[in-house]
Enquirer: 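This is the structure I want to talk about, given as structure tokens.
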Amino acid sequence: MTNSSLKIDRAQYVITVDDRRRVIRDGSVVVRNGHISHVGKAEELRHIAADRVIDATDKVVTPGFVNGHLHISYAHSVRGVFPDDVPDRLRHVFAMQSVMTEEEEYLTTLLGLAETLGTGTTALVDPGTTKFPEACLEAYNQAGCRVIIGEQVQDRENRLHLPVYDTAEALDRTEASINALDGRLAGRVRAWAMPFSLEFCSPELLIGAKRIADHYGTALTLHHTGGAGAPTERLAELGILGPNVLLSHCMDLTEREIQLIAGSGAAVVVCPSTVMKAGGNTGRGGRLPELLEAGVPVSLGTDSVNSSNFSDMVRCVNIAATVYKDVRGDSSLIPAETALELATRTGAAALGFADSLGAIEVGRKGDLVLFDTRRPEWRALANPVRNLVYSATGDSVETVIVDGRVVVEEGRPRFAGDLWELIQKVEKIGERVRAVTGVGFPSRWPVI
């Protein structure tokens with residue numbers, strides 16, 4: 001149950017990401033009934049009482065992070081299976097997921113949330129690969145996080161061997177998923193339309209999915225790549241682009257495509273860690289600076305723990321802040337402050353939460369992260385934004401709060417029970433899944 005009031009008291013710094021981008025030294029934050037009621041200097045708020053007070057001495061407080069693209073429901077059981085250069089990796093991934101049971105997906109989701117919330121992410125988009133949403137909903141309920149979920153559909157044969165539905169059935173499944181899931185868990189769950197991609201979906205399916213999203217006042221996400229064949233122009237022609245659309249990955253966009261996205265009000269989520277690990281050539285196809293310059297709301301995503309192999313948004317922010325400097329030879333690109341906005345305020349806007357998440361401001365949801373700076377990687381602490389982006393990782397997260405409820409305390413998720421026992425169960429799931437599917441790759445170094 002959410003505390004009626006909670007006070008984060010005397011933090012060394014509060015990084016608000018508010019309208020003025022204030023960083024408050026010796027700051028306090030008060031959450032009442034799930035919403036932020038006070039933000040300011042600790043001395044100014046010393047008389048504000050709360051049901052629970054957390055001493056934030058030597059802590060840096062940030063908004064909860066948002067992860068705009070995270071396949072969380074299956075990947076932890078098969079983490080580390082793939083060599084760096086394995087062909088058809090995604091086909092193997094979906095084959096392994098297809099044999100998982102309801103209980104197995106629940107357990108892997110719970111472990112995924114332990115990592116995700118444990119490193120500071122409080123809201124995420126699971127882009128449609130959950131097989132058993134009701135089971136996963138129980139994991140989300142235990143964790144107390146915010147999640148955008150839906151059913152991934154496609155009506156064309158595809159190289160990943162994903163299930164192919166009749167167009168009408170795919171649309172029925174989309175509508176049923178939204179009706180069944182949207183608004184669950186006291187509103188912490190949103191359900192979106194999730195056609196896989198322009199390549200895997202007919203125009204009729206894409207148009208119908210967008211119509212459903214519009215009708216129910218929700219949104220649509222799909223995997224998308226620009227470039228050859230003008231795919232973004234095709235989406236525009238079909239009437240798919242709009243303010244309630246989130247395009248995932250978006251490599252190889254042309255200038256024309258960026259302007260179409262910007263003009264439509266659509267948002268983008270980029271997954272720089274996945275691109276780098278896969279040799280996707282950020283220097284050639286990554287257009288994050290241009291998207292931001294055009295005014296496109298952009299979120300960061302970590303994809304999955306068998307793509308980037310981590311779900312730590314602090315690491316993802318670091319990559320976003322450094323990779324463009326390197327590949328373009330320009331140290332002014334994506335400064336630390338901009339990179340942090342991508343995981344907070346700007347990222348929240350991309351997901352449709354512009355007024356409720358992503359900043360520590362009065363009236364917004366009480367989603368907060370406390371970093372323990374009594375660690376060598378945080379010191380000396382002259383500028384908390386730079387230290388967070390360039391020096392820290394999510395390992396230094398001590399406390400995570402969602403809606404004023406503490407879900408991670410002293411660095412451990414409160415919702416996962418015996419964490420080592422859960423890890424062992426997920427290990428066994430991975431062994432079974434690999435045995436059933438025959439997916440496995442020998443170590444390149446001898447294991448004796």
Side-chain angles (χ1 to χ4, degrees), residues 2-3 6-18 22-24 27-31 34-36 39 52 54-68 70 113-124 143-147 188 299-300 302 310-318 336-337 339-348 351 353 356-361 364-375 377-378 381 384-389 391-415:
T2 301
N3 286 311
L6 175 72
K7 185 176 185 179
I8 310 301
D9 198 32
R10 297 193 178 278
Q12 185 167 0
Y13 292 101
V14 177
I15 303 173
T16 66
V17 204
D18 65 6
R22 294 179 301 160
V23 177
I24 303 173
S28 292
V29 183
V30 181
V31 180
H35 291 79
I36 296 168
V39 185
R52 178 176 179 183
I54 295 177
D55 181 2
T57 302
D58 295 321
K59 306 299 189 298
V60 165
V61 183
T62 72
F65 299 139
V66 298
N67 190 328
L70 174 60
L113 291 170
E115 177 182 356
T116 301
L117 270 82
T119 50
T121 293
T122 56
L124 63 102
C145 65
R146 305 184 193 282
V147 61
R188 292 196 311 276
S299 175
L300 295 177
T302 57
F310 64 81
S311 58
D312 180 350
M313 284 302 296
V314 183
R315 290 180 64 183
C316 192
V317 166
N318 174 272
E337 294 79 6
L340 185 56
E341 288 171 343
L342 295 173
T344 54
R345 190 183 188 103
T346 307
L351 273 55
F353 300 123
S356 57
L357 302 180
I360 303 176
E361 290 181 311
R364 291 185 184 245
K365 299 284 189 179
D367 295 7
L368 304 166
V369 181
L370 278 66
F371 288 87
D372 183 2
T373 71
R374 294 171 295 188
R375 297 165 59 103
E377 71 268 25
W378 271 96
L381 184 47
V385 175
R386 295 176 198 147
N387 279 25
L388 176 57
V389 173
S391 306
T393 69
D395 290 343
S396 58
V397 168
E398 182 185 77
T399 304
V400 178
I401 298 161
V402 183
D403 270 344
R405 172 193 173 199
V406 176
V407 297
V408 174
E409 191 168 23
E410 296 181 352
R412 295 186 63 82
R414 298 179 61 177
F415 53 85

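Counting begins at 1 with the first residue of the sequence.
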Enquirer: Output all residues satisfying salt bridge (charged side-chain N to carboxylate O under 4.0 Å, His left out) with R375, sequence neighbours left out; order by chain, then residue number.
Expert: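 If we apply the salt bridge (charged side-chain N to carboxylate O under 4.0 Å, His left out) test to R375, skipping adjacent residues, the hits are E377.
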Enquirer: Sequence neighbours left out, what passes side-chain contact (heavy atoms from CB on, under 4.5 Å) with N387? Give chain and number order.
Expert: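 For N387, the residues satisfying side-chain contact (heavy atoms from CB on, under 4.5 Å) (neighbours in sequence not counted) are W378, L381, S391.
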Enquirer: Kindly write out the residues that satisfy salt bridge (charged side-chain N to carboxylate O under 4.0 Å, His left out) with R10, not counting sequence neighbours, or none if the list is empty.
Expert: D26, E43
Enquirer: Taking only residues two or more places apart in sequence, or in another chain, which ones meet T302 in a side-chain hydrogen bond (donor to acceptor under 3.5 Å, both in side chains)?
Expert: N67
Enquirer: Could you check if a side-chain atom of R414 sits within less than 4.5 angstrom of a side-chain atom of V407, using non-hydrogen atoms only?
Expert: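 Side chain of R414 against side chain of V407, heavy atoms only: no contact under 4.5 Å found.
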Enquirer: Applying side-chain contact (heavy atoms from CB on, under 4.5 Å), can you list everything that pairs with V397, at least two apart in sequence or on another chain?
Expert: V369, F371, V400
Enquirer: Sequence neighbours left out, what passes side-chain contact (heavy atoms from CB on, under 4.5 Å) with A11? Give chain and number order.
Expert: V14, A56, V61
Enquirer: List the residues meeting salt bridge (charged side-chain N to carboxylate O under 4.0 Å, His left out) with K59, not counting sequence neighbours, and say none if there are none.
Expert: E398
Enquirer: Do R364 and R345 have side-chain heavy atoms sitting under 4.5 Å apart?
Expert: yes
Enquirer: Which residues satisfy the side-chain hydrogen bond (donor to acceptor under 3.5 Å, both in side chains) test with D372, sequence neighbours excluded?
Expert: R374
Enquirer: Identify, with sequence neighbours excluded, every residue that meets side-chain hydrogen bond (donor to acceptor under 3.5 Å, both in side chains) alongside T57.
Expert: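 Checked T57 against side-chain hydrogen bond (donor to acceptor under 3.5 Å, both in side chains); matches are D55.
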Enquirer: What are the two closest heavy atoms between V66 and A348, and how far apart are they?
Expert: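 Looking at all heavy atoms of both residues, the shortest contact is CG2-N, 3.6 Å.
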Enquirer: Please round to the nearest 0.5 Å and tell me the distance separating atom CG of L357 and atom NZ of K365.
Expert: 8.0 Å
Enquirer: Can you name the residues that form a ring-ring contact (aromatic ring centres under 6.0 Å, His included) with F65, not counting sequence neighbours?
Expert: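 By the ring-ring contact (aromatic ring centres under 6.0 Å, His included) rule, F65 matches no residue at all.
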Enquirer: Looking just at side-chain N and O atoms, do T116 and T121 make a donor-acceptor pair shorter than 3.5 Å?
Expert: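 No - no donor-acceptor pair under 3.5 Å links their side chains.
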Enquirer: Kindly write out the residues that satisfy salt bridge (charged side-chain N to carboxylate O under 4.0 Å, His left out) with R22, not counting sequence neighbours, or none if the list is empty.
Expert: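 Expected list: D18.
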Enquirer: With side-chain contact (heavy atoms from CB on, under 4.5 Å) as the test, pick out the partner of I54 among I8, V29, L368.
Expert: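 Of I8, V29, L368, side-chain contact (heavy atoms from CB on, under 4.5 Å) with I54 is met by I8 alone.
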Enquirer: Check side-chain hydrogen bond (donor to acceptor under 3.5 Å, both in side chains) between S28 and all other residues, then give those that pass, not counting sequence neighbours.
Expert: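 Testing S28 for side-chain hydrogen bond (donor to acceptor under 3.5 Å, both in side chains), a comparison that skips the adjacent residues, returns D9.
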Enquirer: Between CZ of F310 and OG1 of T119, what distance do you get to the nearest 0.5 Å?
Expert: 9.5 Å
Enquirer: As an exercise, state the distance from CG of D403 to CD1 of I401, rounded to the nearest 0.5 Å.
Expert: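 So the gap between those two atoms works out to 11.0 Å.
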